[in-house]
2 protein chains.
Amino acid sequence: MADHLPQLELGNQLCFALYRASRAAVRAYGPVLGELGITYPQYLVLLVLWEADEPMSVGAIGEHLHLDSGTLTPLLKRLQDQGIVTRERDPDDERRVLVAPTAAGRAMRKRAATIPAEVSQQYGVAVSDAVDLIAEIHKIADAIEGTVDA
Amino acid sequence: MADHLPQLELGNQLCFALYRASRAAVRAYGPVLGELGITYPQYLVLLVLWEADEPMSVGAIGEHLHLDSGTLTPLLKRLQDQGIVTRERDPDDERRVLVAPTAAGRAMRKRAATIPAEVSQQYGVAVSDAVDLIAEIHKIADAIEGTVDA
DNA sequence: CCAGAGAAGATCGTGTACAATATGATTGTC
DNA sequence: GACAATCATATTGTACACGATCTTCTCTGG
């Protein structure tokens with residue numbers, strides 16, 4: 001009845017490997033980020049804001065993370081409710097909303113600096129080993145997004 | 001003010017690469033799976049059921065996909081509402097719920113057989129190139145889950 | 001000037017994820 | 001053979017993702 005269709009096996013599917021590994025990795029951040037009271041996507045937003053070091057529009061944040069306003073707007077409101085970021089209409093263009101970390105949000109950066117090392121050590125994946133892999137995965141993401149988004 | 005902390009850069013983080021690529025890949029399946037009226041996680045459940053070719057408990061499905069009942073129960077109910085699977089208590093152990101594809105669910109397998117090729121061709125990632133990468137990503141997922149789950 | 005096109009966010013609806021808790025069934029032990 | 005521990009699933013609550021639509025604001029050609 002069930003002739004073997006190897007292309008339908010889970011183990012042969014890149015997408016499933018990514019899906020599984022992504023969820024596992026995000027879960028691994030859970031406890032550490034829990035100390036800071038934030039989630040992984042919220043942490044990603046903060047990484048972008050810290051790096052930019054100036055107020056950013058919702059759209060600009062979304063370009064870095066490949067997320068749209070449907071995801072970011074409620075997430076940013078939660079960060080605002082926690083006093084971690086501010087959200088203000090851009091006086092120069094009232095369509096835009098500028099997001100910036102508060103003093104409390106900036107202060108979290110020092111604690112966060114040790115997080116990647118903590119987690120990847122817990123992984124058992126050496127940071128140096130990961131460099132090539134990271135590049136390769138981004139290359140694939142580029143290829144996929146080139147055909148899907150755009 | 002913002003001294004450069006390279007470990008906090010998005011581009012250096014394996015987790016973000018996985019997170020981004022996973023979402024992109026799942027999105028790429030969207031249109032094709034939309035024809036079948038199912039989502040990507042629902043498709044994964046069907047892959048498992050087709051492969052097993054016999055009724056499976058919720059827990060057994062979850063072991064293959066690394067998902068728990070909190071995610072699977074509502075997902076399976078939606079598949080049941082669409083007439084794609086059946087859900088029945090196991091007479092031998094009333095704690096268990098056995099899930100099996102209906103005739104309609106089994107019929108979807110033929111259409112599905114071409115999906116991975118369609119999507120990965122759209123990716124621009126040759127299936128043969130992906131084999132090593134898939135193995136490497138699963139190895140990382142294993143390592144992470146070994147420290148987080150279990 | 002001003003209508004319409006387009007941009008930027010916000011909102012809505014659906015479907016995951018996942019931690020925490022609840023519920024009912026089974027099992028090992030005395 | 002009660003019964004506490006354990007197991008399998010369900011439920012609840014919170015937070016993403018994302019397609020689709022809506023609102024407001026800006027810009028541009030006539």
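Below, all heavy atoms of this structure are taken into account, side chains as well, without hydrogens, waters or symmetry copies. Numbered from 1 within each chain, the chains take letters A, B, ... in sequence-line order. Keep in mind that what you see is a predicted model, and the values were worked out from it rather than measured.
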- A:R87 CZ - C:dG9 C1' separation (whole Å): 9 Å
- C:dG9 OP1/OP2 closer than 4.0 Å to side-chain N/O of A:K77: no
- Whole Å only: how far is the CZ atom of B:F16 from the P atom of D:dA17? 11 Å
Atom pairs under 3.5 Å, N or O on each side, protein against nucleotides 23-28 of chain C: can you list them with distances?
residue: C:dT26; atom: OP1; partner: B:E94; partner atom: N; Å: 3.1

- Query: Are the side chain of A:D68 and the backbone of A:G62 linked by a donor-acceptor contact shorter than 3.5 Å?
  - Reply: no
Under 3.5 Å, N/O pairs linking protein and nucleotides 14-17 of chain C:
residue: C:dT16; atom: OP1; partner: B:T39; partner atom: OG1; Å: 2.6
residue: C:dT16; atom: OP2; partner: B:Q42; partner atom: NE2; Å: 2.5
residue: C:dT16; atom: OP2; partner: B:R78; partner atom: NE; Å: 3.0
residue: C:dT16; atom: OP2; partner: B:R78; partner atom: NH2; Å: 3.4
residue: C:dT16; atom: O5'; partner: B:R78; partner atom: NH2; Å: 3.1
residue: C:dA17; atom: OP2; partner: A:Y19; partner atom: OH; Å: 2.3

- Query: From B:Y43 OH over to A:L8 CG, what is the distance, rounded to the nearest 0.5 angstrom?
  - Reply: 5.5 Å
- Flag the pair B:R20 and A:D142 as a salt bridge only when some basic side-chain nitrogen lies within less than 4.0 angstrom of an acidic carboxylate oxygen. yes
- Do B:S69 side-chain and D:dA10 base share a donor-acceptor contact under 3.5 Å? yes
- Message: Distance check needed: D:dT14 C1' versus A:L33 CG, whole Å only.
- Response: 16 Å
- Query: Could you give the CD-to-P distance, from B:Q80 to D:dT9, as a whole number of Å?
  - Reply: 15 Å
- Query: In terms of side-chain geometry, is the basic nitrogen of B:K139 or B:E145 positioned less than 4.0 Å from the acidic oxygen of its partner?
  - Reply: no
- Item | Side-chain N,O (B:S57) to OP1/OP2 (D:dT9) below 4.0 Å | yes
- Query: Is B:N12 reaching over with its side chain to a backbone N or O of B:P6, donor-acceptor style, under 3.5 angstrom?
  - Reply: yes
- Task: Classify the side-chain pair A:H66/B:R23 by whether it contains a donor and acceptor separated by less than 3.5 Å.
- Result: no
- Between B:L72 (CG) and D:dT11 (P), how many Å, whole number? 14 Å
- When rounded to whole Å, the CD1 to P distance for the pair A:I61 and C:dA8 reads 14 Å
- Query: Are A:L67 and A:V45 side-chain neighbours, meaning at least one heavy-atom pair lies under 4.5 Å?
  - Reply: no
- Query: Looking at OG of A:S22 and CZ of B:F16, how far apart are the two atoms once the value is rounded to the nearest 0.5 Å?
  - Reply: 10.5 Å
- Task: Could you state the atom-to-atom distance from CD of B:E63 to P of D:dC7 in whole Å?
- Result: 13 Å
- Item | Length of the CD-C1' vector between A:E88 and C:dA8, whole Å | 17 Å
- Message: Can you tell whether the side chains of A:E118 and A:R111 come within less than 4.0 Å, N to carboxylate O?
- Response: yes
